[in-house]
Amino acid sequence: MVNSRNTITSAAGRLLLVPMSSSQSKNKRKSRTLSVLKCIKIAAKKVKVVLAAFLIGHEKPTSRSIASVTKPRNNNQGGGISILSYASTSNTRSSSQLKSFGSYGSSGTTSGLIETDSFSYEEILKATDNFSVSNKIGEGGFGLVYKGRLRNGIIVAIKRAKKDKYDRHSSQEFQNEILTLSKIEHLNLVRLYGYMEHGDERAIVIEYVGNGTLREHLDGTQGSGLEIAERLDIAIDVGHAITYLHTYSDNPMIHRDIKASNVLITEKLRAKVADFGFARLSGEDPGATHISTQVKGTAGYLDPEYLRTYQLTEKSDVYSFGVLLVELMTGRHPIEHKKPQRERVTIKWAIQRLKEGDAIIAMDPRLRRNPASTMAMEKVLKLAQQCLATSRQSRPSMQKCAEVLWKIRRDLRERPVPSHHSADFPVLDAKKNRYTLFGIEDGDGLEFISA
Ligand SMILES: Nc1ncnc2c1ncn2[C@@H]1O[C@H](COP(=O)(O)OP(=O)(O)OP(=O)(O)O)[C@@H](O)[C@H]1O
């Protein structure tokens with residue numbers, strides 16, 4: 001049977017081609033060309049739609065692997081785009097893009113999930129069940145932290161300011177700071193959604209990150225221990241977040257309080273840095289970034305140059321990041337009060353071990369030891385040593401740190417992990433290692449190194 005498409009259905013039901021007349025063939029070629037053009041047009045339209053949606057953030061990338069190179073919105077370092085090329089493009093949405101995306105809020109802020117940047121007292125009370133103790137998830141310098149559910153079902157963290165925290169800060173300043181901070185959007189920074197002000201009550205509403213802090217993971221009070229690759233991923237995430245604050249955000253800023261308890265961990269064991277801009281929100285030095293009248297930060301992480309000169313630079317964050325790297329590799333707190341004197345300041349002890357060629361002694365006993373992991377650990381400690389340099393000029397930029405860490409991570413991936421125990425590098429059973437070694441003190445665990 002001949003049908004309109006110049007095919008014949010055979011008795012067996014197969015499609016057979018039959019020769020066409022020359023005019024038929026011409027018409028066919030023309031219509032084919034037209035339909036190809038039509039297809040290209042439709043495809044181009046589709047690509048446009050996807051691209052537009054992706055740019056304004058509708059399409060959130062699911063993978064955190066290398067995404068396409070993205071153009072920073074305020075690249076004041078000229079041409080330095082390599083770091084953000086590792087991050088998702090949603091990291092770099094400009095505020096104008098956000099505004100056009102969100103016909104949502106009063107000031108066009110947020111990712112579209114939250115409808116406004118100012119919350120009513122009633123809404124906050126409802127979200128936290130009247131600041132109920134059962135919703136309390138933590139406490140810090142700013143005040144108590146509550147978990148809350150907004151009207152639209154979104155889970156948030158709500159930080160209720162201690163009264164003394166806002167006495168020094170006018171309402172207008174507080175609101176301006178919030179507005180500035182709420183525009184900062186990066187995958188590895190805890191998002192600030194908005195604020196609530198009511199009489200003498202102030203609170204800020206932030207992204208909820210529910211898998212504990214890095215410190216809790218290192219202490220073993222949260223999760224089941226972090227492998228070396230996971231620790232490297234976390235270090236890279238923190239590196240990207242701080243690079244973004246220093247370099248790419250509309251209002252470049254110094255974090256001032258990088259520490260393991262300010263690094264929140266996601267379910268997928270990736271990191272989000274919290275509390276950026278908090279020094280300003282707490283009424284300390286609002287607006288000031290480089291010359292400080294008050295030293296702000298946490299003991300053990302503070303740049304000695306900042307302590308000496310009161311001059312704050314991006315390199316003060318680099319120093320604190322160096323402390324964090326040592327913490328990640330050793331598992332120890334920056335200051336270990338219960339350790340013998342020579343081990344009390346963890347960075348001094350670990351860097352000394354590195355200098356003496358004994359870095360492995362400083363390695364967190366919970367970590368599996370094999371050539372790849374010990375090599376990665378040594379490289380990270382070498383980077384930490386640079387970050388901790390006395391002279392600020394000698395410290396690398398955060399961007400450089402993230403690049404170095406990325407290479408260490410890549411090398412680790414490429415090095416095969418031995419599947420059997422070797423005399424030089426005993427491989428400990430990860431699970432057993434994790435659960436049996438928590439809570440050890442002093443030099444315990446070192447027997448595994450010489451085993
Ligand atoms: N966005 C969040 N999502 C989930 N939990 C959070 C969030 N922010 C804070 N928390 C919890 O609340 C605790 C206190 O946090 P907060 O940032 O107020 O203090 P801190 O950073 O630990 O200390 P300080 O403010 O003195 O530097 C954290 O340790 C964490 O357990």
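Each residue takes its place number in the sequence, starting with 1. Side chains included, hydrogens not; waters and symmetry mates left out as well; all remaining heavy atoms used. Every number for a ligand or one of its atoms is a count from 1 in the order of the listing.
- With hydrogens left out, the protein atom closest to atom 16 (P) of ligand 1 is K159 NZ, 3.5 Å, a heavy atom.
- For atom 13 (C) of ligand 1, the closest heavy atom belonging to the protein is G138 CA, 3.7 Å.
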Full working for salt bridge (charged side-chain N to carboxylate O under 4.0 Å, His left out) between D275 and R256: CA-CA 9 Å; D275 283 7; R256 297 213 217 178; over 6 Å; no
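- Checked against side chain to side chain contact (heavy atoms under 4.5 Å, CB included), D257 has the following partners two or more places apart in sequence or in another chain: H255, K259, N262, K296, T298.
- Of all the heavy atoms of K147, none lies under 4.0 Å from any atom of ligand 1, so neither backbone nor side chain is involved.
- In this structure, CD1 on I408 lies 5.0 Å from CG on L405, to the nearest 0.5 angstrom.
- With hydrogens left out, the protein atom closest to atom 19 (O) of ligand 1 is G140 CA, 3.2 Å, a heavy atom.
- When V209, L214, D275 are checked for heavy-atom proximity to atom 3 (N) of ligand 1, V209 turns out nearest.
- Atom CZ of R149 has 12 or fewer heavy atoms from other residues, nucleotides or ligands within 6.0 Å.
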Could you walk me through whether R409 and D233 pass the salt bridge (charged side-chain N to carboxylate O under 4.0 Å, His left out) check? CA-CA 7 Å; R409 176 77 180 90; D233 280 341; 2.8 Å; yes
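- For atom 31 (O) of ligand 1, the closest non-hydrogen atom of the protein is I137 O, 3.8 Å.
- Close approach of ligand 1 to Y208 (heavy-atom distance below 4.0 Å) involves ligand atoms 3 (N), 4 (C).
- Near G141, meaning under 4.0 Å from any of its heavy atoms, are these atoms of ligand 1: 24 (P), 25 (O), 26 (O).
- Note on ligand 1: K259 sits in its first shell, one or more heavy atoms being nearer than 4.0 Å.
- Scanning L192, T213, D257 for the heavy atom closest to atom 28 (C) of ligand 1 points to T213.
- Comparing V205, V263, L264, V145 against atom 2 (C) of ligand 1, the shortest heavy-atom distance belongs to L264.
- Applying the 4.0 Å criterion to heavy atoms of E207 picks out, from ligand 1, the atoms 1 (N), 2 (C), 3 (N).
- In this view, T330 and V326, R332, T346, W349, A350, A362 satisfy the side chain to side chain contact (heavy atoms under 4.5 Å, CB included) rule, not counting sequence neighbours.
- Near A157, meaning under 4.0 Å from one of its heavy atoms, ligand 1 places the atoms 1 (N), 2 (C), 3 (N).
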Residue pair R215, D219: steps toward the salt bridge (charged side-chain N to carboxylate O under 4.0 Å, His left out) verdict: CA-CA 6 Å; R215 195 53 255 176; D219 285 340; 2.7 Å; yes
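- Side-chain atoms of Y301 and E327 include a donor-acceptor pair closer than 3.5 Å.
- Not one N or O of I206 is nearer than 3.5 Å to an N or O of ligand 1, by distance alone.
- Seen from the ring of F131, R160 counts as a face-on cation partner, given the 6.0 Å and 45° thresholds.
- Looking from atom 22 (O) of ligand 1 to the surrounding protein, the closest heavy atom is S261 OG, 3.9 Å.
- Ligand 1 has a nitrogen or oxygen under 3.5 angstrom from a nitrogen or oxygen of N262.
- The aromatic rings of Y244 and H186 lie tilted to each other, with the angle between the two planes from 30° to 60°.
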